[in-house]
Protein chains: 2
Amino acid sequence: MSTARERIVDALERVLIEEGPAAATLEHVAEGAGVSKGGLLYHFGSKEALFEGLLGRLTDSSQDPAPATDARGAITEYLRLSMVADDAFSTTLLAALRLVGAPGVDVPAALSAASEQWFEQVRPHIADPVTARLIQLVGDGLYLNALISAPASPHDDAVIARLLGEVEPH
Amino acid sequence: MSTARERIVDALERVLIEEGPAAATLEHVAEGAGVSKGGLLYHFGSKEALFEGLLGRLTDSSQDPAPATDARGAITEYLRLSMVADDAFSTTLLAALRLVGAPGVDVPAALSAASEQWFEQVRPHIADPVTARLIQLVGDGLYLNALISAPASPHDDAVIARLLGEVEPH
DNA sequence: GTCTATAATCGGATAGAC
DNA sequence: GTCTATCCGATTATAGAC
């Protein structure tokens, strides 16, 4: 059974992604979590603290250990998660992206650190640093597309295949 | 001399990028443009209309004709603008990115359309559609990095150089 | 730990003078 | 075209009961 704190952050993510930052009021988030505004404020003493709760989750889940496989597996998983963006980490990340510019919390710093941490799970598998950066940027590009709900391109799979070819030439 | 409407949208962009969406109140934007709240509301009848003013500018500037050069030149310019993000189009685009999720305006649709329009200036120079999509995704990745104020990687130049090599092999 | 008031502030929008 | 004054709803946060 999940704690009230977790349910509240879950609700915050949902509201941010589905209804936007303006809808992320204390009352509305509380309602989504099945508690009252007062109940929410017991767990998070202010709106700022609530947002920091989300950033804390972002930091935590970016440190989740990778299923540690071979290079192809790691890279495929990295890019495919950026593409479909339906796992826990992607959800938290996309929610945090909608918080960029919120007052009192340093969202960019948390996002930079988290995405860097997350990419550290693939980097060891790639010898060439330029190839590594290329793959990271493509992952970031896929997240930007998810942020603006852009449809996937029919060539995305081929792009991933080509990148895989670059780590295991010929 | 710029019109009042233009100065107001200029101020909106500045506030969105430097202080975030929450600071983009009618009064604060009006102050940045050197007019009163009432003055702003004469030009844009509501906050929604103000935001649509920004999206309109995004649509317009994404149709600016490219300086039409060769493939290398077009692609270099495309990626370098995404990287430094200090031109008019990038400023408008980064401001609009902070508006994602705002009520009453379809920011994702405007952003998708604009970024697609913008990329149309390079696509004709690239024969292979997979390479084209790869370059587009890298450009998007660079914009995401600009959105979260992430420092440029020392390998970004090499990434661009490699992509240029893919359109003119050997 | 969770709830129901209530206080205090802020933001969007209207009306009307100039 | 631009301003000031004002209204009204929404939102954050506090106080205190249960």
Side-chain angles (χ1 to χ4, degrees), chain A residues 1-57 95-96 98-107 110, chain B residues 1-57 95-96 98-107 110:
Chain A
M1 158 126 189
S2 56
T3 72
R5 274 185 74 98
E6 283 164 352
R7 286 204 316 280
I8 291 169
V9 178
D10 288 346
L12 174 61
E13 286 183 355
R14 205 172 341 119
V15 170
L16 281 174
I17 292 175
E18 291 172 12
E19 306 174 68
T25 66
L26 296 180
E27 190 153 26
H28 192 59
V29 171
E31 178 197 343
V35 297
S36 70
K37 191 186 339 188
L40 184 155
L41 282 165
Y42 169 78
H43 294 285
F44 299 96
S46 69
K47 195 172 192 184
E48 231 177 79
L50 172 62
F51 289 166
E52 276 161 8
L54 175 63
L55 298 187
R57 171 181 286 188
R98 300 218 168 184
L99 228 50
V100 172
V105 282
D106 194 350
V107 183
Chain B
M1 161 133 187
S2 57
T3 73
R5 273 184 75 97
E6 284 165 349
R7 284 203 319 278
I8 290 168
V9 178
D10 287 346
L12 173 61
E13 288 184 353
R14 203 171 344 119
V15 170
L16 281 174
I17 291 175
E18 291 171 12
E19 306 173 68
T25 65
L26 296 181
E27 190 153 25
H28 191 60
V29 171
E31 178 197 343
V35 295
S36 70
K37 190 179 355 181
L40 185 155
L41 282 164
Y42 169 78
H43 294 284
F44 299 96
S46 69
K47 195 174 193 183
E48 232 177 79
L50 173 61
F51 289 166
E52 277 161 7
L54 175 62
L55 297 187
R57 171 181 286 188
R98 301 218 168 183
L99 229 49
V100 171
V105 282
D106 194 350
V107 184

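So you know, we letter chains A, B, ... as the sequences are listed, proteins then strands, and number each from 1. Computed over heavy atoms, backbone and side chain alike; hydrogens, waters and symmetry mates excluded.
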Below 4.0 Å: OP1/OP2 of dC10(C) and any side-chain N or O of His28(B): no

Residues Val35(A), Arg7(A); criterion side chain to side chain contact (heavy atoms under 4.5 Å, CB included); working and verdict: CA-CA 9 Å; Val35(A) 297; Arg7(A) 286 204 316 280; 4.3 Å; yes

Are the side chains of Val105(B) and Leu54(B) in touch, meaning some heavy atoms are under 4.5 Å apart? no

Given side chains that start at C-beta, do those of Val9(B) and Arg5(B) come closer than 4.5 Å, heavy atoms only? no

Please lay out, stage by stage, how Glu31(A) and Leu40(A) fare under the test side chain to side chain contact (heavy atoms under 4.5 Å, CB included). CA-CA 9 Å; Glu31(A) 178 197 343; Leu40(A) 184 155; over 6 Å; no

Between C1' on dG11(C) and CD on Glu31(B), what's the gap in Å once rounded to a whole number? 15 Å

Partners meeting side chain to side chain donor-acceptor pair (under 3.5 Å) with [X] (sequence neighbours left out):
{"X": "Arg98(B)", "value": "none"}
{"X": "Glu18(A)", "value": "none"}
{"X": "Glu27(A)", "value": "none"}

Exercise answer: donor-acceptor pairs, residues 43-51 of chain B side-chain atoms, under 3.5 Å, sequence neighbours excluded:
unit_1   : atom_1 : unit_2   : atom_2 : d
Ser46(B) : OG     : Glu48(B) : N      : 3.4
Ser46(B) : OG     : Ala49(B) : N      : 3.1
Lys47(B) : NZ     : Ala24(B) : O      : 3.3

Using heavy atoms and a sub-4.0 Å distance, could you list which residues of residues 7-14 of chain A are near DNA chain D? By number, please. none

Spell out protein contact along nucleotides 3-18 of chain D as letters: B when the base is contacted, S when just the sugar-phosphate is, - when no protein heavy atom is under 4.0 Å; keep the 5' to 3' order. BB------SBBB----

